[in-house]
Amino acid sequence: MSMSMIKAETCKSIDKGPVIPTTPLVIFLEKVQEAALQTYGHKGFDAKLFVDMSLRENLSETVEAFNKLPRTVNGSVSKSDLDGFIGSYLSSPDKDLVYVEPMDFVAVPEGFLPKVKNSEVRAWALEVHSLWKNLSRKVADHVLEKPELYTLLPLKNPVIIPGSRFKEVYYWDSYWVIRGLLAGKMYETAKGIVTNLVSLIDQFGYVLNGARAYYSNRSQPPVLAAMIVDIFNQTGDLDLVRRSLPALLKENHFWNSGIHKVTIQDAQGSNHSLSRYYAMWNKPRPESSTIDSKTASVIPNICEKRELYRELASAAESGWDFSSRWMSNGSDLTTTSTTSILPVDLNAFLLKMELGIAFLANLVGESSTASHFTEAAQNRQKAINCIFWNAEMGQWLDYWLTNSDTSEDIYKWEDLHQNKKSFASNFVPLWTENSCSDNNITTQKVVQSLMSSGLLQPAGIAMTLSNTGQQWDFPNGWPPLQHIIIEGLLRSGLEEARTLAKDIAIRWLRTNYVTYKKTGAMYEKYDVTKCGAYGGGGEYMSQTGFGWSNGVVLALLEEFGWPEDLKIDC
């Protein structure tokens, strides 16, 4: 047996999870990415660009040409040789998704944001609405004809991309894109996005993180059912419901089986099933291969490196890449332990999915499916409240799994394993119906906890209280969490919660407006410590565009409007 085979065998005791292999094209483009970093250096280098490139010739010819490039003693390629190779054999990703005018875009939709009375805010809202035209794309014909030359997946319907370096469709981003499209009556574009995501489930069994071949071994927060419920509520399209339901059942199975499923026994001895993020991958993420390799370079043991790669990919599956929330030592990315955490938000999303499936199944007369998922939702609600709720803090808390509290694959709940830190994700259960139906959990307690948590800042809600330099940490606020918490507070029906929701919405809308006026762009994240500042940190520059930011602004303006006499400046 070779040394590499022995290592693979011994690693199984540490890294037990499955691996879904990536494609030969992705593996090759990672080599190009590595060579490019050596040749061009770190300044202005974006690892993702190289795995988004496509081939001009077939893969074997391209690999042969690449392998023939002259190398220096340290294995690097000269700039002129690498420039020549890329120019001759690879194409920029910009040509693979081409601009397409959305079929249902109207510059001033009928009945658009009727509660917005301020002319300045209305003009801005119409500009934000017009950005859908800039972000609308369809997969080019040459990709559909020869998909083997591209890492871009050949989706059939037009897409709305986030913007900037994110030139493909992303899973959970799409929910807030759709909320913005619905505010602008762009129903057909919204349905097309859902149909694309359903096609990914048909092909892979789950919605991929994004529409690239290198994302095939992880998903993202599961919000597809919520998209379909929201579209149905505005359009009454039962055909979309019928076509999507089988895919939703498949997706639900993905999150509730195998490595994603965890059984945990509560303090009273009752067993509960909950879910966790768990990527099916234990190598560097291809889109950040050179970055992950550098992160893991301080770890000498190959097995422990693989374990870290899986944890990093699992954090990417959570959408929170990266955050001290996933680290045992908040200042050290190599202590990322995503698969050892039962996350509050994922299970709240799955509860929303189960309630959504029950609602949709009822609509099309599938009563047994509806009753099955109503029961599943009740069980998950009970599990969320038993395992995550902390009465002292008035929050739902992530739960850390440890080997010491497990027997026969059943974990035993212990209070000390709840993560007692305040994260924005601790409040996501507000977004699902009946989260405060338990007698011990009152919306008032949750509202007071949010207000005293330190997360509420002058320009919105911070993700965490730890300033680590990671992008899902302080001082950044991200659009989806603002919207989830605001909408959750609204749905509670409590006057105090509604007042807080409106206050957060005003702070968030102001910072988006002022930043837009200063820079001419919508950003993916904002620095919530001050009005009019976009966010930073993480492994790439802050991006503009921006799909979910636009969607959240339009959804909040639809809900709250903006009175004529309320100033929008900071």
Side-chain angles (χ1 to χ4, degrees), residues 7-8 11 14-17 19-20 22 26-27 29-52 74-76 165-166 209-210 212 214-215 217-218 220 276-341 343 400 463-464 466-474 476 524-525 535-543:
K7 278 182 180 172
C11 284
I14 296 179
D15 181 32
K16 300 183 181 75
V19 172
I20 291 182
T22 191
V26 171
I27 292 166
L29 290 173
E30 282 185 85
K31 288 176 182 162
V32 175
Q33 179 194 95
E34 194 181 345
L37 179 60
Q38 266 192 310
T39 301
Y40 302 134
H42 287 275
K43 193 177 179 184
F45 182 81
D46 186 353
K48 185 178 182 295
L49 171 67
F50 298 93
V51 289
D52 289 356
N74 72 353
S76 65
R165 76 195 286 268
F166 300 113
N209 182 140
R212 289 271 175 194
Y214 52 74
Y215 286 139
N217 37 47
R218 66 179 194 252
Q220 252 192 344
R276 61 178 162 182
Y277 293 112
Y278 206 122
M280 296 163 288
W281 189 241
N282 63 0
K283 296 186 180 80
R285 293 165 298 144
E287 75 281 13
S288 303
S289 186
T290 50
I291 299 166
D292 285 359
S293 298
K294 187 171 187 295
T295 301
S297 64
V298 296
I299 299 173
N301 182 299
I302 181 68
C303 302
E304 288 172 16
K305 274 188 203 284
R306 286 183 190 170
E307 195 179 7
L308 174 60
Y309 292 142
R310 189 184 293 279
E311 299 299 345
L312 294 173
S314 300
E317 182 169 68
S318 80
W320 284 53
D321 44 331
F322 293 105
S323 170
S324 59
R325 181 184 169 201
W326 308 122
M327 302 173 205
S328 56
N329 172 356
S331 59
D332 183 357
L333 187 58
T334 68
T335 67
T336 298
S337 310
T338 322
T339 66
S340 296
I341 297 168
W400 280 70
M463 299 300 95
T464 75
S466 302
N467 193 342
T468 64
Q470 298 299 339
Q471 62 169 354
W472 282 83
D473 274 323
F474 192 89
N476 286 340
E524 63 171 348
K525 56 184 181 275
E539 61 185 31
Y540 57 81
M541 297 291 288
S542 199
Q543 302 296 294

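Just the heavy atoms: all of them, side chains too, but no hydrogens, waters or symmetry mates, feed the values below. None of these values were measured; they are calculated from a predicted model.
- Distance NZ/K48 to CD1/I291: 12.0 Å, rounded to 0.5 Å.
- Residue pairs that meet the salt bridge (charged side-chain N to carboxylate O under 4.0 Å, His left out) test with at least one member in residues 313-322, sequence neighbours left out, do not exist here.
- Annotation: the span from L333 atom CG to L312 atom CG amounts to 5.5 Å, rounded to 0.5 Å.
- At a threshold of 4.5 Å between non-hydrogen side-chain atoms, the residues S318 and Q220 do not count as touching.
- F45 places a side-chain heavy atom less than 4.5 Å from the side chain of Q33.
- Y278 has its side chain out of reach of R218: every pair of non-hydrogen atoms, C-beta onward, lies at least 4.5 Å apart.
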side-chain hydrogen bond (donor to acceptor under 3.5 Å, both in side chains) evaluation trace for Q470 with S324 = CA-CA 8 Å; Q470 298 299 339; S324 59; over 6 Å; no
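- Across all non-hydrogen atoms, the minimal contact from M327 to G330 is SD-O, 3.5 Å.
- For the pair K525 and Q543, the minimum side-chain heavy-atom distance is 4.5 Å or more.
- Between S76 and N74, the closest heavy-atom pair is OG-OD1, 2.9 Å.
- Sorted by first and then second residue, the ring pair (Phe, Tyr, Trp, His ring centres under 6.0 Å) pairs involving residues 305-334 (not counting sequence neighbours) are W320-W472.
- Nearest approach of R165 to D46, heavy atoms of both residues: NH2-OD1, 2.8 Å.
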Please step through side-chain contact (heavy atoms from CB on, under 4.5 Å) for the pair Y214 and E30, ending with a clear verdict.
-> CA-CA 10 Å; Y214 52 74; E30 282 185 85; over 6 Å; no
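- In terms of heavy-atom proximity, L308 sits nearest to T334 at CD1-O, 3.6 Å.
- A distance of 4.0 Å separates OG of S288 from CZ of R285, quoted to the nearest 0.5 Å.
- The distance from atom CG of L29 to atom OG of S289, rounded to the nearest 0.5 Å, is 11.0 Å.
- Side-chain contact between V19 and M280: absent, with no pair of heavy atoms (C-beta onward) separated by less than 4.5 Å.
- For the pair E287/Y215, a side-chain contact is recorded, criterion being any heavy-atom separation below 4.5 Å from C-beta on.
- When every heavy atom of V51 is checked against every heavy atom of P286, the shortest pair comes out as CG1-O, 3.6 Å.
- Rounding to the nearest 0.5 Å gives a distance of 13.5 Å between CD1 of I299 and CZ of R306.
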Apply the test side-chain contact (heavy atoms from CB on, under 4.5 Å) to residues N282 and E307: give CA-CA distance (whole Å), side-chain angles for both, the deciding distance (0.1 Å), then the verdict.
-> CA-CA 6 Å; N282 63 0; E307 195 179 7; over 6 Å; no
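- At least one donor-acceptor pair closer than 3.5 Å links the side chain of R310 to the backbone N or O of G17.
- N467 places none of its side-chain heavy atoms less than 4.5 Å from the side chain of D473.
- For T339 against R276, the heavy-atom pair with the smallest separation is O-NH1, 2.9 Å.
- A distance of 11.0 Å separates OG1 in T290 from CD in Q38, rounded to the nearest 0.5 Å.
- Looking at heavy atoms from C-beta onward, D52 lies out of side-chain contact with L49 at the 4.5 angstrom threshold.
- Few gaps surround CD on E539; more than 12 heavy atoms of other groups in view lie less than 6.0 Å from it.
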